[in-house]
Every structure is written in structure tokens, then in C-alpha cells.
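The block underneath contains the structure these notes are about, expressed in C-alpha cells.
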Amino acid sequence: MEDEFAIQSFKPTLSANLAFQRKLLPIFKYRESLLYAIETFQVTLLHGHTGCGKTTQLPQYLYETGWTKEGKIIGCTQPRRLVARSVASRVSEELKTEVGKTCGYKIQFEHNVSSETKIEYMTDGSLLKEILTDPLLERYSVIMIDEVHERTVNIDLLLGILKRILLKRPDLRVILASASANIQKLNNFFYEQDKINTNIISVEGKLYPVDVMYLENPTENYVNTAVETVLNINSSYPSGDILVFLTDRREVDECVKRIEAFSVTTPEDLPMLVPLPLYSGLTMDEQLRVFDIYEQRFRKVIFCTNIAEASVTIDGIVYVIDSGLCKLRIFNPYSRISKLIRVPISKSNAIQRTGRAGRTNPGKCFRLFPKNVYDSLKDESDAEISHTDMLPVVLFLKSIGLRNINQFPFFVPPPTVHIIAALEDLYFLGAIDDYSNLTDPTGFQMVELPLDARLSKALLSSATYDCTYAMLNIVSVVMAGDVFYRPARNHHEATACHATFITEEGDILTCLNVLESFLVRKKDMKWCKTNFLNYNTLNHASEIRRHILPYLQRFRISPERRLTDTGSSKIIECLLQGFFRNVAHLQDDGSYKTISGSPVWIDQKSTMNNKNIPWIMFTSMVEYEGRAFINGITKIESKWLEKFYNRKK
Ligand code: ADP
Ligand code: MG
């Protein structure tokens, strides 16, 4: 296994003994008791440490014992797209079939399932969407909600919805799988409140001991300390890969670069470090590189965000370095701004991270903070529902017929101000009426579209503004990400190429220009390369476009380019229909103020940076070192705004 350079872990070399490996997993000993519990109880709460086999094995056990015989299927949800996809390929490999046959996956803008599929891995968001067309989820005999401990908004929503469904469908089985032992509350939610029969099973698995080490004094710069610790491990500790928990992609990219620079000068007697990034913004292929297996003279060092905390199992990790921090998106219901804030993790997160080092060997965990900081951490982190924008949740709950949002059996109720803000925004977007009912067709169509509500609104308004062709391209490219490739080495050359696409109206029409040129050139990869354009982003945008087209056809909105479909001011006015809250006005110091009074700065990457345009609209915002930076800037005229706000009154 180790005499080939960079073999993918899915390659056939491994599959010969896969059946044997499956039996070695800790969960295998529990196969019969799990199957009995699932047969007998409507809800099974399954706890087992990461890597014990919950995600890949349990759906297969159910498949093997006939849970799909009557035409129903087994569904397993994941909080992350990467995991849904990589697990489906792992399980398909174990089943000796191609992905999309017996086992497939469904993630946003990408489906790989067929009529033969019996085990479907999907994101929790995908399962929520299915409830719109299959309210009792009758396609499924068993639904496993994985990583319940993560308590994302989607997981919380599914818990409430599944409870309602279980009361109506005694044949349905639900498995709630968690890497954290704290599952008593879930038991209360189903059994104490509604007498739905539950059973708890804990998979005891062997984890090797992990030595935990702390810093004596707090570090001023944990990124520097992380890099130093990696180098220290490489020069003083025996072989074994390293996993480093940081907070965001900026830090991850920086560390990867620093280790790359170092690797060139690695002394001959030390293993050569192979730095790899792992965060959700990477393409699937880039993400899957962390599973590659290297020769012994190399040492993998994976820099990740909390994506690798529980759902991804990378074999061979012996050393964990933990910054003790993570980023959370915190929504402010007054300004309607979501900020990514760096916060201390909980004890439960820290323990999970530590456990990543002891899967295959005894390991070491270097916590980049003193012991007393650990003692002061919260036991569990707050559920996402307590600090996130409720607009998509309220829209969804309206669509399943809830007049009063408080009627929903929330596992933990969201703050009332968040609900009020969401209702207000939905009203202004025209998704709900004076009686708080979903509007027909706008509200119903917004629920269906797999887009942010503001983009949906702009797209749905485009028929009135005669700009559907352009708006379809705009929403696709905005969803896809940054179209420009900006290598540090050829900075000037790249900027010169990009300049040829830039429109005076701003970033959004510039991106539209790039995407339309890309489509005209039949997605030419070489053309992207010579023009310093991001091929993956553009290709993804064209996939999204293809995915959205059928919705427009169903809504009878014609996406054909029309003769009148050219005026940029119409396009911008149409965008404003969705983004009317994302408007800002220039201040004397060059910053901007949003309509709710928050100060923001134009991101350096924006083509509208330093142009001093009085009124602008933006599509995204990120927070960096206490400042909010906006991007996706478009020049607007204040008179459009007056017209718009007067009409709303
Ligand atoms: P759990 O869900 O309990 O964390 P999994 O079912 O994901 O556990 O993983 C079980 C085992 O399968 C892991 O210990 C790992 O060895 C192996 N495995 C899972 N996914 C992959 C993969 N993509 N590549 C290689 N091995 C994998
Ligand atoms: Mg798992």
C-alpha cells in the first residue's frame, strides 16, 4: 500500500479486503442489536465515536436485511456536501458498485441517484426540500439523521418535522446518530413529550490514548504557533500525519503556503511535509485530496476548519493541533447583517478534535491555549438556531402550512426577534401577505427555488423587467463564487486581462459579462486560463444555470434573450427588488453606511474599490478583523431607491 506515491484511498488496491475491514469496525459487534432496536422502536438514538462505522455501515446493514424490499429506500442526511458525496463513493466501493447505482447522493445542484438506488446520502437541506413534494417522506423506510450533535438549523428543523411524521407513520424508522454522548435531551424530545418509542445504543469502540498538551501561557498569534508546532513535530516526533484546526480559509491558505515554502528546504533526514487544505469552499476534488495516501518519507499535514471535527475520518492522523477556536456566523436581527465571528469552541468540540489523533494509533494533541482556558470553556456550543437568520426557516415553515411559527415543535425555540425580522423581510420581498400567508405564486415559487431568497426574488421579478436571460445568469454566477483567478505571481497580467471584462456598473454586471463570454466560448478551459478566469467557478455557474432552468419553465417565465433584454439599468432595478436592504451610501472617509446605519468597507477585490460612487448595492459581506467588507458592488441611482421604498409603503 505504501510503495506507490499518492494512491487515492478509493483505488482498487484496498477493495480486496474491504469486506474484511468492515467486520473490524467497532459497530459490527452491534449489528444485531441495532437491527433489533430499529425493528422494534420508532426512533433509535445511536452514539459512537467518529470512525466507528455509523455513517458507512448502518445503512448497509439495513439494506442487507431487507429494509428496501418493498420499494422504499434508506436515506442518510449529512450537514456537509463533501461528506454526503465522499461517503456515497466509499459505500459504493464497499458494495462493489458504481456511485448512483445501489448507493447514490443528492446535494445542492448535483444528484447522482437512479431508479435502482436503495441507499441515498444527502444533505439535510435536500431532505427538507423533499418534504415539499412528499410531506410524509413516504419514499423512505428508514431515515438516519447523522451528526445530530452539530445541531445545525436544518437538523433542528428535521427533528421537529420527523416528530410530526412519526406520529402519522408508525412504519417509519428514524435513526439519530451522534458522536457526542449527550443524547438524553433527544430522548426527552421524542419520548417524554410525545411517547414516541425510543431506544439508545452506545457503540463502545476502542480509541487509542491521546496525550493532551497545553501551552503554559496564551499565544498572541495562534497561526504562527500552529506553524511552529507543525515544524516541531516534524523534527522531534515519530512518523504520523498531522491535523491542524484553524478557523477560516484565510488562515488555512496562509499555513499551507508557509509549510510549502518550508518544504523546499527540508533537511534530508526529516520527512517532507505535504500541506493540504480542507474547508468547505474547495472543490470536491480538492477536498478529496486529504484522503490520498503517501509514501513514508512524506508526512501529511492537513490544515482544516471545523469540517474535520466529526464527520470526516482521515486515517493515519497521529497529531492534532487545536487552536481552540472556530468561526460562527452570528446574525444581527436589527441590522440584518450576519457576521462571521471567531469564538472559543466548547469542551465537547475540544474533546472531539482530540479524538481525531487516537483512531489508529496512540496520539498527541497540542492545544494552543493554557489548561485554565480549557476549564473555562462551555460544555456544549449553542445550537445554530439561536444565532442565525430565520428567513429561510420561516419561509419553509410557511410552505408546510404553519400559520403561526410558534406551533412548530422546535427542539429549542429560536429568539422571537429573529422570527419577527424574518417575517418582516418576507413581507417586503412579497413572499407573504398582510395575513402572513404565503403569496401565490411568488411565495410558493421562492420556497421551491434552490436559491437565497433575495436572489429568488430578483429572478422572479425579472419577467416584469424583461431581463430573465440576464438575471438567470446573474443568480447562477453569484451563487457560484469568484470568477477571477488572481495568482500572486502574475498579478499585473491577470489584472490587465480582467480589465477587459469590467463594466462601469460594477461587479455583478462584470461577472455577468464573464459568464456570458464563457458560455459563448462553449466553456473553453484554455480561454479561461489565458484570461485568468476561474474555470471551476464558471463551470459550476453553468451547472447551476442548467439546474434552475426547469424551475423557470415550470413557472412559465421565459428565459429566452429578448430584444429588450439589454438595458443595464433595468437589470439593476430588478436586482434591487431582492437586495433592497443591501444598499449603502458613501461617507466622507471613503467608507459606506448601510440603510440600517452600519459602517461597511468595499472589499479590495471589488472592481468598484476606490471609485467613490455615492450609492451602491452589494450582494455579500464578510467580516475581517472587526470590519465588515462588502463585495458584489453595483452602482445605483438614489432615485431608484426612492421609487422603490415609496412603493413599498
Ligand atoms: P462514523 O460515521 O462512525 O464516524 P464512518 O462510517 O464514516 O464512521 O467510517 C468508518 C470507517 O470507514 C472509518 O474508520 C474509515 O476507516 C473508513 N472510511 C470511511 N470513509 C472513508 C473514505 N472516504 N476513505 C477511506 N476510508 C474511509
Ligand atoms: Mg459519520
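Ligands are counted one by one from 1 in listed order, and the atoms in each one are counted from 1 as well. In this text, all values refer to a predicted model and were calculated from it rather than measured experimentally.
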At less than 4.0 angstrom from any non-hydrogen atom of [X], what atoms of ligand 1 do you find?
X: G53; answer: 1 (P), 3 (O), 5 (P), 6 (O), 8 (O), 10 (C)
X: H49; answer: 3 (O)
X: T50; answer: 4 (O)

Check each of R90, Q57, Q60, E93 against atom 26 (N) of ligand 1 and report the one with the nearest heavy atom.
R90
For atom 15 (C) of ligand 1, which candidate among D315, T56, I293 holds the nearest heavy atom?
D315
Any Lys/Arg nitrogen of R80 or E147 sitting under 4.0 Å from an Asp/Glu carboxylate oxygen of the other?
no
For A383 and R151, work out which heavy atoms get closest and say how close.
CB-NH2, 3.3 Å
Could you tell me whether T55 and ligand 1 have an N or O pair separated by under 3.5 Å?
yes
Testing the 3.5 Å rule here: is there a donor-acceptor pair between the side chains of [X] and [Y]?
X: Y61; Y: R31; answer: no
X: S92; Y: E98; answer: no
X: Y279; Y: Q287; answer: no

Any donor-acceptor pair under 3.5 Å linking the side chain of K54 with the backbone of H49?
yes
N, O or S atom of T50 closer to the Mg ion (ligand 2) than 2.8 Å
no
At under 4.0 Å between heavy atoms, what of L25 touches ligand 1? The answer is side chain
Answer with side chain, backbone, both or neither: which part of K54 has a heavy atom less than 4.0 angstrom from an atom of ligand 1?
both
